[in-house]
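Report on one structure; see the data block that follows.
All values below were derived from every heavy atom in this structure, side-chain atoms included, with hydrogens, water molecules and symmetry-related copies excluded.
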Amino acid sequence: MIIVVDTRKVAGATVGSIADYIALITLTVAQNPDHCDPLPSILDLMSSTCGSREKPVALTAGDVAFLKALYYHNTASVRPCRGTI
């Protein structure tokens, strides 16, 4: 995977903010990150539709919860076999 960043669009953002944004985009394969949900997200960093709402500078609790739900795998009751890993 190659990630290209337009430095003109990220001007003024910290390296940490950009890294969190890229991580969330990459891990979730967001279809349209240019919208503003009611719950704040690091995706707001590049959204043009959030208006004057303060943009998060790192992954939010909502982002982390979304990632955990997306990647959650209950292995307590079933032991994964080598072929499924």
Side-chain angles (χ1 to χ4, degrees):
M1 174 182 290
I2 297 173
I3 299 171
V4 178
V5 177
D6 184 344
T7 56
R8 294 171 295 178
K9 291 192 176 192
V10 298
T14 66
V15 172
S17 296
I18 297 165
D20 282 356
Y21 178 86
I22 291 171
L24 191 63
I25 288 287
T26 304
L27 292 171
T28 63
V29 190
Q31 296 299 313
N32 184 13
D34 192 23
H35 68 280
C36 198
D37 287 327
L39 191 63
S41 169
I42 191 65
L43 296 179
D44 298 349
L45 186 67
M46 300 296 158
S47 177
S48 61
T49 61
C50 287
S52 61
R53 179 167 91 183
E54 188 175 337
K55 298 183 181 203
V57 295
L59 285 175
T60 65
D63 294 331
V64 173
F66 178 65
L67 286 170
K68 284 181 179 179
L70 187 63
Y71 286 97
Y72 175 75
H73 189 320
N74 186 354
T75 58
S77 61
V78 179
R79 191 171 208 197
C81 71
R82 187 178 181 100
T84 62
I85 297 177

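Annotation for Thr26 and Ile3: closest pair OG1-CD1, 3.8 Å, computed over non-hydrogen atoms.
Taken together through direct or relayed side-chain contacts under 4.5 Å among Ile, Leu, Val, Met, Phe, Trp and Tyr, Ile22 and Val15 form parts of separate hydrophobic clusters. In the hydrophobic cluster analysis, where Ile, Leu, Val, Met, Phe, Trp and Tyr join through side-chain heavy atoms closer than 4.5 angstrom, Val57 is grouped apart from Val64.
A search for side chain to side chain contact (heavy atoms under 4.5 Å, CB included) contacts involving Leu39 returns nothing, not counting sequence neighbours. The side chain to side chain contact (heavy atoms under 4.5 Å, CB included) search around Val10 returns Val5, Ile18, Met46, not counting sequence neighbours. Residues passing the salt bridge (Lys or Arg N to Asp or Glu O under 4.0 Å) test with Asp44 are Arg53, sequence neighbours excluded. With sequence neighbours excluded, the residues forming a side chain to side chain contact (heavy atoms under 4.5 Å, CB included) with Thr14 are Ser17, listed by chain and number.
Hydrophobic side-chain contacts under 4.5 Å tie Ile2 into a cluster, directly or through other members, with Val4.
The line from OH of Tyr72 to CG of Leu67 is 16.0 Å long, rounded to the nearest 0.5 Å. Atoms CD1 and CG, on Ile25 and Leu43 in that order, are 5.0 Å from each other to the nearest 0.5 Å. With values rounded to the nearest 0.5 angstrom, Tyr71 atom OH is found 4.5 Å from Leu27 atom CG.
The closest donor-acceptor contact from the side chain of Lys55 to the backbone of Ser47 lies under 3.5 Å. With hydrogens and angles disregarded, no donor-acceptor distance shorter than 3.5 Å links the side chain of Tyr21 to the backbone of Ala58. With hydrogens and angles ignored, the 3.5 Å screen pairs no side-chain donor or acceptor of Asp63 with any backbone N or O of Ser41.
Applying the salt bridge (Lys or Arg N to Asp or Glu O under 4.0 Å) test to every pair with at least one member in residues 8-29, sequence neighbours left out, gives these pairs: Asp6-Arg8.
Considering only heavy atoms from C-beta on, Thr60 stays 4.5 Å or farther from Ile42 through its side chain.
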